[in-house]
Amino acid sequence: MTTEAETVKPQIDEMKSDLTKRNLQYVQEVEKHLRELGQYGEEQQANMIYEMTERILENQKQGVTARKLFDVTPTEYVKALTVKAAPVGETAGKWWIALDGGLLVLGAMMLISGVSAIFQGQTLGLAVLFVTFLVGGAAMMVLRKYAGAMRQGEKGGTWKYLVIAMVVILVWMTIMTVVQVIVPASWNYEMDPYPMVIVGALLLVLRFYLKKKKNIPNL
């Protein structure tokens, strides 16, 4: 008796022959991660690869690569799948990823600032925190791009990630310093430590909720 997987596989092999070298590598990486995950049966895996390859071929005609089409690494693609192989279009878009990064950085900074101020010093002003949110979101977008290359083992990927991370931190600190210097005190209101800690914790909870709700991938 012929299984569904045995029926689909020849079709997949034929479709793969029409893929570009880069797109074929993407598909092969997804297949590898699916096997390592061990969460899906052979038929499920065959159907997942078939649907993905079919979509890649449709967009390949317009010169769109698989990496650009799905905007996730092969590892992230597999993580985003459900048992029913939900379409990749259901994963979060760039703006959600930026919001995720901004909330993470802002929540963490507010917690750190609030706890520090409880024992000594003052909290960060709201203007500085707003800039932290914006820069944090942008920084996470940049770091995510290079983190994907590092995880895939691309040549020089680790060094590129480390250099970009250092540059991002330097730019971030510079912007925060400039804002503290040029923004009037009346625009840079400082919250009391305890409300600062509470708001920071709530922002991190909100970030966790949105990450699950919108299927936002990790860095």
Side-chain angles (χ1 to χ4, degrees), residues 1-101 104 137-158 160-161 164 207-219:
M1 181 178 177
T2 303
T3 64
E4 184 179 352
E6 292 172 337
T7 303
V8 174
K9 279 184 177 179
Q11 299 178 46
I12 296 176
D13 292 337
E14 184 177 346
M15 294 165 70
K16 284 181 180 178
S17 64
D18 295 327
L19 292 172
T20 62
K21 183 177 180 181
R22 183 177 296 181
N23 286 343
L24 177 60
Q25 183 180 6
Y26 189 97
V27 172
Q28 290 173 336
E29 283 291 315
V30 170
E31 288 180 311
K32 175 185 174 183
H33 292 309
L34 280 173
R35 288 194 298 269
E36 291 175 349
L37 186 63
Q39 183 176 341
Y40 308 101
E42 188 176 352
E43 290 185 4
Q44 284 181 303
Q45 291 186 42
N47 286 326
M48 290 175 180
I49 297 302
Y50 178 87
E51 292 175 6
M52 180 184 70
T53 306
E54 185 177 43
R55 188 174 176 190
I56 292 174
L57 285 172
E58 290 175 358
N59 288 270
Q60 183 175 273
K61 299 173 184 177
Q62 285 76 46
V64 179
T65 64
R67 181 66 175 83
K68 186 176 181 180
L69 172 64
F70 300 130
D71 195 31
V72 290
T73 66
T75 303
E76 292 168 339
Y77 182 99
V78 173
K79 287 182 179 179
L81 293 173
T82 64
V83 175
K84 294 183 179 180
V88 177
E90 292 182 6
T91 56
K94 293 182 178 180
W95 290 110
W96 284 109
I97 294 172
L99 177 62
D100 175 72
L104 172 62
M140 288 301 175
M141 289 291 294
V142 174
L143 291 176
R144 179 175 175 273
K145 175 182 177 181
Y146 288 91
M150 179 178 66
R151 286 194 296 268
Q152 292 184 60
E154 292 185 12
K155 186 176 181 180
T158 300
K160 287 180 182 179
Y161 177 80
I164 292 299
R207 182 250 178 181
F208 178 80
Y209 169 78
L210 291 176
K211 193 174 187 68
K212 295 294 183 182
K213 183 73 174 178
K214 296 297 181 179
N215 199 19
I216 302 174
N218 294 319
L219 182 65

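Between the CG atom in N23 and the NZ atom in K16 there is a gap of 13.0 Å [rounded to 0.5 Å]. Atom OG1 of residue T20 and atom CD of residue Q60 lie 4.5 Å apart, to the nearest 0.5 angstrom. Note that the CE atom of M48 and the CD1 atom of I12 stand 11.5 Å from one another [nearest 0.5 Å]. Residue Q28 holds its CD atom at 4.0 Å from CG of L24, rounded to the nearest 0.5 Å. Going from atom CD of E51 over to atom CD1 of I56 covers 12.0 Å, rounded to the nearest 0.5 Å. Considering CE of M140 and CG of L104, their distance stands at 5.0 Å, rounded to 0.5 Å.
Across all their heavy atoms, Y26 and M52 have their closest contact at CE2-SD, 4.4 Å. Closest approach of V78 and H33 over heavy atoms only: CG2-CB, 3.7 Å.
With a 4.5 Å cut-off on side-chain heavy atoms, R55 and F70 count as touching.
Scored by the side-chain contact (heavy atoms from CB on, under 4.5 Å) test, K68 finds V64, T65 as partners (sequence neighbours excluded). For E54, the side-chain contact (heavy atoms from CB on, under 4.5 Å) partners two or more places apart in sequence, or in a different chain, are M15, Y50, E58. Residues meeting the side-chain contact (heavy atoms from CB on, under 4.5 Å) test with L99, sequence neighbours left out: W96, L103, F133, L210.
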